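Read through the structure below, which is laid out as structure tokens, and then see the notes.
Note that the structure is predicted; figures quoted are calculated from it, not measured.
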Amino acid sequence: MANKNKTTLDFFYLPPKEEETMKVLWSTKDALSASEIAERIPGRTWPASSIQGIIRSLESKGAVKVDSITKLGKSYGRLFRPVISANEYATMQFTRYYQPDGDSRKACSSMVSSLLGNTGIEKNDIIDALQDIIKEYGNG
């Protein structure tokens, strides 16, 4: 899910509990309540009640949004959805540390090589994907 409101994302870092929370949201197409998120975090060792503070922090960073308000048992609660995808977050972290050398063509080549060199994806699949990207950018 692309963040269509911005062309670039403001950098933020997700501490482990926030990242665990986002992984739950990234793994489903459904909007989830705070308690549903807490229940789905594998091996969670911290109290489920902590999830409210974690979600508030994620909201302030622009990582999650309230999707809807619905009846949960006898009261109403908010359902949350991620604003950025896992891939957008990974790109954000990569670009934080990536050091271009000034030559934009070399920098682009170096960045793509760095990303693809650590994926374990078959060489022919990478070539096919790059050709698709070239076609897409060539038509834009």
Side-chain angles (χ1 to χ4, degrees):
M1 103 195 38
N3 184 347
K4 296 186 184 348
N5 297 331
K6 290 181 168 183
T7 55
T8 60
L9 297 169
D10 294 332
F11 175 81
F12 59 82
Y13 168 75
L14 297 175
K17 290 178 185 176
E18 291 180 9
E19 188 172 314
E20 291 174 31
T21 301
M22 290 301 294
K23 284 180 180 178
V24 168
L25 290 168
W26 288 327
S27 70
T28 183
K29 293 181 183 196
D30 301 326
L32 301 173
S33 70
S35 59
E36 289 172 321
I37 294 168
E39 289 168 7
R40 294 182 185 196
I41 294 173
R44 177 178 46 83
T45 57
W46 38 273
S49 58
S50 301
I51 197 74
Q52 294 295 340
I54 293 166
I55 290 173
R56 271 192 302 278
S57 176
L58 290 169
E59 281 183 291
S60 71
K61 292 175 179 180
V64 299
K65 67 178 181 177
V66 175
D67 183 71
S68 61
I69 297 175
T70 189
K71 190 154 182 149
L72 300 170
K74 294 182 179 183
S75 61
Y76 286 87
R78 302 177 300 163
L79 299 181
F80 299 93
R81 190 173 294 283
V83 173
I84 68 166
S85 70
N87 287 344
E88 288 170 323
Y89 179 69
T91 300
M92 179 190 299
Q93 299 310 303
F94 178 82
T95 57
R96 177 176 178 213
Y97 294 102
Y98 179 69
Q99 300 290 317
D101 63 4
D103 179 341
S104 63
R105 196 169 191 167
K106 279 185 180 178
C108 182
S109 175
S110 174
M111 179 174 68
V112 170
S113 294
S114 295
L115 287 170
L116 295 177
N118 297 312
T119 62
I121 298 172
E122 293 292 325
K123 184 178 180 179
N124 288 337
D125 291 338
I126 291 171
I127 291 169
D128 290 344
L130 289 172
Q131 288 173 337
D132 290 344
I133 292 169
I134 290 167
K135 286 177 192 170
E136 181 181 326
Y137 275 85
N139 293 330

Would you mind reporting whether Leu79 and Glu36 have side-chain heavy atoms less than 4.5 Å apart?
yes

Please answer whether the main-chain N or O of Gly53 pairs with a side-chain N or O of Ser57 as donor and acceptor at a distance below 3.5 Å.
no

Please check this pair: side chain of Gln93 against backbone of Phe12, looking for a donor-acceptor N/O pair closer than 3.5 Å.
yes

Roughly how far, to the nearest 0.5 Å, is the CG atom of Leu25 from the CD1 atom of Ile55?
7.0 Å

Apply salt bridge (charged side-chain N to carboxylate O under 4.0 Å, His left out) to Asp128 and list each qualifying residue two or more places apart in sequence or on a separate chain.
none

Is there any salt bridge (Lys or Arg N to Asp or Glu O under 4.0 Å) pair reaching into residues 20-31, and which pairs are they, with sequence neighbours excluded?
Glu19-Lys23

Cluster overlap Phe11 with Leu14, hydrophobic side-chain contacts below 4.5 Å:
yes

Please lay out, stage by stage, how Phe80 and Val66 fare under the test side-chain contact (heavy atoms from CB on, under 4.5 Å).
CA-CA 5 Å; Phe80 299 93; Val66 175; 3.8 Å; yes

Where do Val24 and Ser27 come nearest, in terms of heavy atoms and distance?
O-OG, 2.7 Å

Spacing of Asp132 atom CG and Ile127 atom CD1 [to the nearest 0.5 Å]:
12.0 Å

Just by distance, no angles: are the side chains of Ser35 and Ser33 close enough, under 3.5 Å, to form a donor-acceptor pair?
yes

Would a single hydrophobic cluster contain both Ile37 and Ile69, if residues Ile, Leu, Val, Met, Phe, Trp and Tyr are joined by side-chain heavy-atom contacts under 4.5 Å?
yes

Output every pair passing salt bridge (Lys or Arg N to Asp or Glu O under 4.0 Å) with a member in residues 59-74, not counting sequence neighbours, ordered by first then second residue.
Glu18-Lys61, Glu59-Arg78, Asp67-Arg81

Backbone N/O of Met22 and side chain of Tyr89: donor-acceptor pair under 3.5 Å
no

Mind checking what makes salt bridge (charged side-chain N to carboxylate O under 4.0 Å, His left out) contact with Arg44, not counting sequence neighbours?
none

Identify the two heavy atoms, one from Glu88 and one from Ser85, that lie closest to each other, and give their separation to 0.1 Å.
OE1-N, 2.8 Å

When clusters are formed by joining ILVMFWY residues with side-chain heavy atoms under 4.5 Å apart, either directly or through shared neighbours, do Ile54 and Leu72 land in the same one?
no

Mind checking what makes side chain to side chain contact (heavy atoms under 4.5 Å, CB included) contact with Ala90, not counting sequence neighbours?
none

What residues form a salt bridge (charged side-chain N to carboxylate O under 4.0 Å, His left out) with Glu39, not counting sequence neighbours?
none

